[in-house]
Amino acid sequence: MTAEEMEYIIGKTNDRIIVPKGFVTDFASIPQPLWSFGLTPHGQYSRAAVIHDFLYWAQGCTKEQADRLMVVAMKESNVGSFDETVIYDGLYIGGKPAWNANAAERKAGLPRIVPAKYLKPPNPNVKWAEYRQELVKAGVKDPEFETRPSYCKYGDSTTVP
């Protein structure tokens with residue numbers, strides 16, 4: 001979960017992606033067999049992965065734009081070209097189920113942004129799925145997300161603008 005708002009200014013533009021405080025992320029969803037090659041959920045690409053998770057959740061851009069924006073963010077995070085290529089290829093091949101699952105969860109009203117007053121659950125050992133249900137019972141809803149934000153256009157390529 002993000003401890004504070006995360007701002008990503010794209011290249012040399014004035015456009016920014018804001019990941020809200022309290023956004024729940026799993027960082028990079030890299031299959032465990034690839035961990036022995038140095039690709040783990042946490043790496044130089046972690047910031048890009050959080051941004052990408054948010055883009056997959058908000059779905060203001062297309063899946064393809066979100067995937068390419070992750071590449072742009074990885075380039076700006078000095079991720080090596082091997083990692084960048086493998087991660088992008090993984091998203092291209094296997095990202096659709098996550099995209100669809102996020103759409104279904106949002107449609108079901110499941111929140112993924114935890115409001116400030118709920119950032120510290122009473123039970124520190126509660127699992128996310130359980131706590132999420134508690135949030136739903138408490139009436140917590142995600143904010144409305146912008147439809148087709150201006151930054152999506154930078155996901156039409158993998159070049160840092």
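The basis for the numbers below is simple: all heavy atoms, side chains too, and nothing from hydrogens, waters or symmetry mates.
- The shortest heavy-atom contact between Gly109 and Val136 is O-CG2, 4.2 Å.
- For residues 107-133, every residue pair satisfying the side-chain hydrogen bond (donor to acceptor under 3.5 Å, both in side chains) rule, not counting sequence neighbours, is listed here: Asn102-Arg112, Glu105-Arg132.
- Cluster membership check: Met70 does not share its hydrophobic cluster with Met6, using side-chain heavy-atom separations under 4.5 Å among Ile, Leu, Val, Met, Phe, Trp and Tyr.
- Contact between Ala49 and Ala28 at its shortest, heavy atoms only, is CB-N, 3.7 Å.
- For the residue pair Glu76 and Tyr8, a side-chain donor N or O sits within less than 3.5 Å of a side-chain acceptor on the partner.
- Going from atom SG of Cys61 over to atom CD1 of Ile17 covers 6.5 Å, rounded to the nearest 0.5 Å.
- Salt-bridge check for Lys21 with Glu5: failed, with every basic side-chain N at 4.0 Å or more from each acidic carboxylate O.
- Rounded to the nearest 0.5 Å, atoms CG (Asn14) and OH (Tyr151) are 15.5 Å apart.
- For Asp89, there are no side-chain hydrogen bond (donor to acceptor under 3.5 Å, both in side chains) partners at least two apart in sequence or on another chain.
- Judged as a ring-ring contact (aromatic ring centres under 6.0 Å, His included), and not counting sequence neighbours, Tyr45 has no contacts.
- Remark: side-chain polar atoms of Thr25 are not paired, donor with acceptor, to backbone N or O of Asp53 under 3.5 angstrom.
- Note: Phe145 and Phe54 meet the aromatic proximity criterion, with ring centroids under 6.0 Å apart.
- Tracing side-chain contacts under 4.5 Å through hydrophobic residues (I, L, V, M, F, W, Y), one never reaches Ile113 starting from Leu119; they form parts of separate clusters.
- Side-chain atoms of Asp15 and Tyr154 form a donor-acceptor pair, as typed in the model, at a separation below 3.5 Å.
- Here the shortest heavy-atom pairing between Ala73 and Ala48 reads CB-CB, 3.6 Å.
- Lys96 places no side-chain N or O within donor-acceptor distance of the main-chain N or O of Lys63, the cut-off being under 3.5 Å.
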Query raised in the report: After noting the C-alpha distance and the side-chain angles of Tyr56 and Asp67, does the key distance pass the side chain to side chain contact (heavy atoms under 4.5 Å, CB included) rule?
Result: CA-CA 9 Å; Tyr56 261 44; Asp67 293 348; 2.7 Å; yes
Query raised in the report: So Val72 and Thr159, side chain to side chain contact (heavy atoms under 4.5 Å, CB included) or not? Walk me through it.
Result: CA-CA 6 Å; Val72 171; Thr159 303; over 6 Å; no
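- The neighbour count for Glu4 CD, taken as heavy atoms of other residues, nucleotides or ligands under 6.0 Å away, does not exceed 12.
- For Gln65 (side chain) and Cys152 (main-chain N/O), a donor-acceptor pair under 3.5 Å exists by modelled atom type.
- Hydrophobic clustering (side-chain heavy atoms under 4.5 Å, transitive across Ile, Leu, Val, Met, Phe, Trp, Tyr) groups Phe23 together with Phe27.
- Between the OG atom of Ser46 and the CE atom of Met74 there is a distance of 11.5 Å, given to the nearest 0.5 Å.
- The minimum heavy-atom distance between Asp156 and Arg68, with the atom names listed, is C-NE, 3.6 Å.
- Taking CG from Asp83 and OG from Ser77, the interatomic distance works out to 12.0 Å, rounded to the nearest 0.5 Å.
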Report task. Might you work through the side chain to side chain contact (heavy atoms under 4.5 Å, CB included) test for Lys75 and Thr158, ending with a clear yes or no? Result -> CA-CA 9 Å; Lys75 286 178 179 181; Thr158 58; 3.8 Å; yes
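- A donor-acceptor pair is defined here as one N or O able to donate and one able to accept, closer than 3.5 Å; no such pair exists between the side chain of Arg16 and the backbone of Ile9.
- The CG atom of Leu69 sits 5.5 Å away from atom CD1 of Ile10, with the distance rounded to the nearest 0.5 Å.
- Across every non-hydrogen atom of Pro111 and Leu135, the tightest pair is CG-CB, 4.1 Å.
- Not a single donor-acceptor pair under 3.5 Å links the side chain of Gln59 to the backbone N or O of Thr147.
- When hydrophobic clusters are built by joining Ile, Leu, Val, Met, Phe, Trp and Tyr residues whose side-chain heavy atoms come closer than 4.5 Å, directly or via intermediates, Val126 is grouped together with Val140.
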Report task. Give the intermediate values and the outcome of side chain to side chain contact (heavy atoms under 4.5 Å, CB included) for residues Leu39 and Ile87. Result -> CA-CA 9 Å; Leu39 291 168; Ile87 290 169; 4.3 Å; yes
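- The closest donor-acceptor contact from the side chain of Thr2 to the backbone of Pro20 lies under 3.5 Å.
- Hydrophobic clustering (side-chain heavy atoms under 4.5 Å, transitive across Ile, Leu, Val, Met, Phe, Trp, Tyr) keeps Tyr88 apart from Val160.
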